[in-house]
Amino acid sequence: MARQIKTIDYDYENDVFFINDGEKVKASLDIGDFVLDVSHKNLICGIEIMNASENLGINKETLKGIKSIIMSVTYKTNHVYVLLMIT
């Protein structure tokens, strides 16, 4: 199910990109340069990406200007797929 992201924040100086769909965070999972936030419904509700320009392949100026993101999360046995549609 695709959800519109309500919070988009980019720390230009530290190259950290953060998004959240508005749900309250119950726990966070650190996976390398990525932190996945999990809601009280046990669904991914946010992502924090360190070294965002490198990991996303988007320059810092473009990251700073992002205004709209839709996040789709698919849960499979032993896998989670996160698709970010950035406009």
Side-chain angles (χ1 to χ4, degrees):
M1 176 172 90
R3 293 172 299 213
Q4 184 69 39
I5 296 301
K6 293 189 169 111
T7 303
I8 301 171
D9 188 35
Y10 179 60
D11 179 344
Y12 186 91
E13 192 170 308
N14 294 304
D15 197 21
V16 177
F17 192 70
F18 172 77
I19 61 172
N20 182 279
D21 69 2
E23 293 283 325
K24 289 189 178 184
V25 176
K26 175 176 89 171
S28 295
L29 304 168
D30 291 344
I31 305 170
D33 280 348
F34 298 83
V35 178
L36 303 177
D37 292 332
V38 180
S39 72
H40 289 277
K41 298 175 187 174
N42 293 322
L43 300 173
I44 294 175
C45 63
I47 301 173
E48 187 173 349
I49 305 169
M50 280 29 112
N51 302 310
S53 58
E54 180 181 336
N55 283 313
L56 296 174
I58 301 172
N59 70 52
K60 288 178 152 190
E61 291 299 321
T62 302
L63 284 170
K64 188 169 73 171
I66 292 174
K67 302 291 184 222
S68 177
I69 298 178
I70 295 173
M71 177 173 68
S72 178
V73 182
T74 304
Y75 300 90
K76 301 284 185 184
T77 305
N78 299 322
H79 293 85
V80 175
Y81 299 94
V82 178
L83 173 66
L84 299 176
M85 292 165 272
I86 301 171
T87 54

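Computation of the quantities below employed the complete heavy-atom set of this structure, encompassing side-chain atoms and omitting hydrogens, waters and symmetry-equivalent molecules.
- Both Ile8 and Ile58 belong to a common hydrophobic cluster when Ile, Leu, Val, Met, Phe, Trp and Tyr are linked at side-chain heavy-atom distances under 4.5 angstrom.
- Sorted by first and then second residue, the salt bridge (charged side-chain N to carboxylate O under 4.0 Å, His left out) pairs with a member in residues 62-83 read Glu61-Lys64; sequence neighbours excluded.
- Of the possible donor and acceptor atoms, one in the side chain of Asp11 sits under 3.5 Å from a partner among the backbone N and O of Asn14.
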Side-chain atoms of residues 79-87: list all donor-acceptor pairs with protein atoms under 3.5 Å, sequence neighbours left out, distances to 0.1 Å.
| unit_1 | atom_1 | unit_2 | atom_2 | d |
| --- | --- | --- | --- | --- |
| His79 | ND1 | Thr77 | O | 3.2 |
| Thr87 | OG1 | Ser68 | O | 3.3 |
| Thr87 | OG1 | Ser68 | OG | 3.4 |

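- Hydrophobic clustering, with ILVMFWY side chains joined whenever heavy atoms are under 4.5 angstrom apart, groups Ile66 together with Leu56.
- How far CZ of Phe17 is from CG of Asp33: 15.0 Å, rounded to the nearest 0.5 Å.
- A single hydrophobic cluster is not seen to contain both Val16 and Met71; linkage of ILVMFWY side chains at heavy-atom distances under 4.5 Å, directly or through other members, places them apart.
- Summarising the geometry of Ile5 relative to Thr7, their closest heavy-atom pair is CG2-O, 3.2 Å, with the distance given to 0.1 Å.
- A donor-acceptor contact shorter than 3.5 Å links the side chain of Asn55 to the backbone of Met50.
- Ile47 and Phe18 are not part of a single hydrophobic cluster, where members link through side-chain heavy atoms under 4.5 Å apart.
- The shortest non-hydrogen separation linking Ile69 to Gln4 is O-NE2, 3.2 Å.
- Separation of atoms OH (Tyr10) and CD1 (Ile19) is listed at 14.5 Å; rounding is to 0.5 Å.
- The two residues Glu23 and Cys45 make their nearest non-hydrogen contact at CB-CB, 3.7 Å.
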Could you list the donor-acceptor pairs under 3.5 angstrom formed by side chains in residues 35-43, with sequence neighbours left out?
| unit_1 | atom_1 | unit_2 | atom_2 | d |
| --- | --- | --- | --- | --- |
| Asp37 | OD1 | Ser28 | OG | 2.8 |
| Ser39 | OG | Lys41 | N | 3.1 |
| Ser39 | OG | Leu43 | N | 3.4 |
| Ser39 | OG | Leu43 | O | 3.3 |
| Asn42 | OD1 | Lys26 | NZ | 2.5 |

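- Note on Ile70 and Ile44: separate hydrophobic clusters, where clusters join Ile, Leu, Val, Met, Phe, Trp and Tyr whose side-chain heavy atoms are under 4.5 Å apart, directly or indirectly.
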